[in-house]
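Below, read A as the first sequence line, B as the second, and so on, with proteins coming before strands; counting in each chain starts at 1. In this text the structure is predicted, and so the values were computed from the model without any measurement.
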Amino acid sequence: MKMRTLALLAGVAILLTGCQREERDTRPDPVKGAGDQAVPVTSLAPGGERPVDTDAKAARFADNAFHMSEGKRLFDWFNCSGCHSRGGGGMGPALMDDKWIYGSSIENIHATIRDGRPNGMPAFGGRVPDDQIWELAAYVRSLAGKSSKAAAPGRNDDLMPHPSENRLPDATTLGRSP
Amino acid sequence: MTMPAKNYASTRFSELDEINEENVKDLRVAFTFSTGVNKGHEAAPLVVENTMYIVTPYPNILYALDLTKPGAPLKWAFRPNPEPTSQGVACCDVVNRGAAFSDGRIFFNTLDGHTIAVDAETGAAVWNNKVGNINIGETITMAPLVVKDKVLVGNSGGELGVRGWVKALDAKDGHVVWTAFSTGPDKDVLIGSEFKPFYDSDKGEDLGVSTWPPNAWQIGGGNMWGWISYDPDLDLIYHGTGNPGPWNPDLRPGDNKWTAGIFARDPDTGAAHWFYQWTPHDMHDYDGINEQILLDMDWKGKPRKVLVRPERNGYIYILDRTTGEVLSAEPFGAVNSSKGVDLKNGRLIVNEEKAPRTGKLVRNICPTASGVKDWEPSAFSPRTGLLYIPHANLCMDEQGVDVNYIAGTPYVGMEVRMIPGPGGHRGEFTAWDIANERPAWKIKENFPVWSGALATAGDVVFYGTMEGWFKAVSARTGDLLWQFKTSSGIIGQPVAYRGPDGHEYIAILSGVGGWAGAVVSGDLDPRDRTAALGFAGVMADLKDVTAPGGTLYVFKLP
């Protein structure tokens with residue numbers, strides 16, 4: 001009896017996470033969360049730490065399988081891969097490691113892609129619709145193993161330059177004992 | 001020492017013989033100088049009238065050191081402050097290959113596309129002309145060459161759909177006298193009545209348009225980021241052209257003139273005299289911009305004016321430099337992407353089995369995109385008749401992918417993953433017997449040899465390794481005579497000069513980086529083997545043996 005309830009509960013839990021993972025915003029609400037609030041790239045603040053604003057859109061895009069796989073497609077489409085390769089970097093820095101110049105939150109990454117960065121990161125804002133920038137940002141986090149393994153994109157069919165995104169270890173803990 | 005290649009023939013041979021095979025083992029450090037820059041140092045120091053000039057990678061600082069004082073203190077520094085955004089559009093680290101001196105001025109290029117003339121005595125800018133546009137991905141990394149009253153400059157950007165060119169700037173005020181593009185209609189390429197190519201495949205009207213799909217030539221590469229030589233008797237300059245873009249060959253059927261070839265031009269007008277295409281319809285990023293060594297020698301019993309080119313596609317070409325005829329083309333490393341050069345029509349015999357296609361993975365293509373030999377210049381000793389060639393031993397897997405042209409972003413369309421070549425060592429230093437068309441000896445190196453070479457009349461040859469060893473070997477046998485471990489990997493160009501005290505000095509910049517060393521200088525993540533256009537994976541262990549940081553080392557005998 002107890003066993004069955006547990007199994008049932010587990011089943012429901014799996015279904016629920018599955019739902020969130022698969023949720024598709026095919027017609028996203030254009031008003032909420034335009035992604036134009038200030039995104040500090042430092043946690044230092046005179047007068048002590050302040051709570052960081054989160055964008056209303058962030059939660060919708062982070063850890064969502066559909067958006068991340070769209071982000072993966074767009075990563076090639078907009079030539080991100082030309083400068084960052086498959087996350088290992090080249091003309092631009094590596095995105096699959098634990099070093100973030102401008103912050104690792106999805107809001108930070110969104111701001112990086114939208115506004116560009118001074119040492120050669122182009123500003124894609126205005127060229128790429130805002131929702132697609134969020135999708136790219138969600139995908140970039142998966143490159144560093146920073147998103148749910150259940151939602152991150154799976155294996156590539158091509159050259160397979162690194163393990164699939166859902167198998168990449170969290171860069172933050174990489175090389176350190178747990 | 002007014003130019004990195006030492007002379008217009010680009011022999012990199014120094015007549016100095018105080019340091020020789022016997023005493024080179026006693027070499028010791030005379031002085032050092034930190035450049036304060038952590039990117040790849042590919043430049044050659046220049047020495048003019050007791051002052052040494054070095055130009056750093058981005059931010060392209062020009063330092064002048066006073067050789068007359070103990071420790072060679074800084075005389076002045078010139079900081080051009082290039083635009084930081086230029087770093088994002090430089091394909092393969094933010095390198096600079098050196099400066100040139102003429103008539104009291106130092107000329108050099110900045111990553112963000114400026115050519116600058118600086119007063120060699122005072123360090124004051126004389127003129128500054130912006131000739132490149134980083135917003136379309138155009139950068140400048142090459143060392144200019146001064147011929148008569150003109151400063152010759154070429155652009156980089158073959159990985160970003162930038163159309164290649166060479167420009168001649170007036171040395172007095174920097175205005176552009178002529179521009180010769182590498183693609184497009186004849187009038188843009190400066191092809192006119194003087195143009196007499198040797199082979200039929202280079203004859204015809206506007207081949208720079210008709211050998212491309214419609215308009216593809218406008219974003220077709222052919223950039224000139226390498227070396228120029230000059231023959232004052234024939235009054236011709238020689239320069240190569242880079243790879244066609246994008247790398248994926250499916251997107252540009254045709255011979256893609258005038259990329260991956262070599263031009264002979266009139267230095268005053270830019271008018272093309274002949275052209276030869278090393279790699280028609282290049283499929284593997286085989287830029288044709290390496291150094292050309294101009295020699296007058298007996299070839300098969302006849303005196304000839306030849307041009308020797310150790311080329312990226314893996315062959316050492318001997319050309320008649322008056323006509324552009326290929327006299328010989330022999331492989332000097334592992335090659336399977338082609339099966340030789342047909343000397344009847346001059347054409348490279350392509351191996352279709354190794355042709356990458358969109359969606360098709362082809363394994364074990366030799367050489368890599370970086371070639372058997374990349375930019376790193378070789379040296380020729382007239383005393384041995386040998387050409388000393390620093391190079392790589394690498395192969396690769398390739399797969400074509402679709403790519404959109406978005407100005408100012410990469411336009412490559414190829415996934416690349418490099419692997420060590422036959423034998424497992426990734427670098428070689430080859431002494432090539434030019435007259436007999438075969439190697440005299442070879443030295444194996446663990447990493448690709450990405451530094452230039454220097455040969456001296458003391459029969460000593462110098463080069464550096466990416467681990468940081470600066471080596472002196474016997475010009476005749478290749479035996480290691482001396483080595484010194486510098487602070488970072490070496491990808492610079494060694495030079496010899498006579499100091500104010502009359503003694504011979506040897507100088508080299510240490511500071512790892514460049515395409516091969518980007519994994520260290522750009523702190524890339526080699527778990528992604530395609531990083532750095534496929535170079536990161538095969539260089540993963542470079543991170544374990546060296547760290548970035550630019551330092552000048554100067555050596556002398558006790």
Side-chain angles (χ1 to χ4, degrees), chain A residues 72-102 112-113 115-124 126-128 136 140 142-145 156-165 167-172 174-175, chain B residues 58 83-94 111-112 134-135 137 139 159-161 246 359-363 396-417 515 518-519 522-537 540:
Chain A
K72 180 168 176 162
R73 186 179 63 80
L74 297 170
F75 197 78
D76 280 333
W77 186 256
F78 292 117
N79 290 349
C80 312
S81 50
C83 290
H84 297 284
S85 309
R86 299 263 153 244
M91 296 164 63
L95 301 177
M96 61 197 287
D97 62 13
D98 186 31
K99 292 161 215 150
W100 296 92
I101 317 169
Y102 303 107
T112 293
I113 302 168
D115 301 337
R117 297 297 185 191
N119 295 314
M121 170 66 193
F124 284 86
R127 308 273 160 114
V128 178
L136 283 161
V140 166
S142 78
L143 280 170
N156 278 8
D157 283 338
D158 58 9
L159 208 52
M160 278 210 282
H162 61 61
S164 61
E165 286 78 353
R167 289 168 151 255
L168 279 170
D170 184 342
T172 322
L174 194 74
Chain B
Y58 174 91
E83 289 190 46
T85 35
S86 60
Q87 295 171 91
V89 286
C91 84
C92 315
D93 199 3
V94 293
L111 193 66
D112 65 344
I134 56 168
N135 277 312
T139 53
E159 283 59 54
L160 292 99
K360 182 181 161 209
L361 171 58
V362 182
R363 292 182 195 277
M396 65 179 168
D397 302 340
E398 272 190 321
Q399 176 169 352
V401 293
D402 280 325
V403 61
N404 299 315
Y405 176 72
I406 305 173
T409 72
Y411 188 50
V412 174
M414 189 69 73
E415 290 206 329
V416 182
R417 168 171 69 192
W515 187 8
V519 66
D523 193 16
L524 308 182
D525 194 324
R527 284 177 299 159
D528 172 5
R529 294 187 61 94
T530 67
L533 296 161
F535 227 133

Interface moiety of L95(A) toward chain B, non-hydrogen atoms closer than 4.5 Å: neither
Donor-acceptor under 3.5 Å (N404(B) side chain, W77(A) main chain): yes
Under 3.5 Å: donor-acceptor pair, side chain of R527(B), backbone of L168(A): no
Engaged part of V519(B) at the chain A interface, taking heavy atoms whose separation is under 4.5 Å: neither
Residue among D523(B), V401(B), L533(B), L160(B) with most heavy-atom pairs under 4.5 Å to chain A: D523(B)
Most chain B-contacting option - heavy-atom pairs closer than 4.5 Å, from R127(A), K99(A), R117(A): K99(A)
Best-contacting candidate, E83(B), E398(B), Q87(B), against chain A by heavy atom pairs under 4.5 angstrom: Q87(B)
Whether over 12 other heavy atoms sit under 6.0 Å from W100(A) CH2: yes
Check: S81(A) side chain, S85(A) main-chain N or O, donor-acceptor pair, under 3.5 Å: no
Aromatic plane relationship, H84(A) with F75(A) - under 30° parallel, 30 to 60° tilted, over 60° perpendicular: tilted
Under 4.5 Å from a heavy atom of chain A, the part of L361(B) involved: side chain
Heavy-atom contact with chain A under 4.5 Å, split by part of A90(B): backbone
Electrostatic pair D528(B):R417(B) at N-O distance under 4.0 angstrom: no
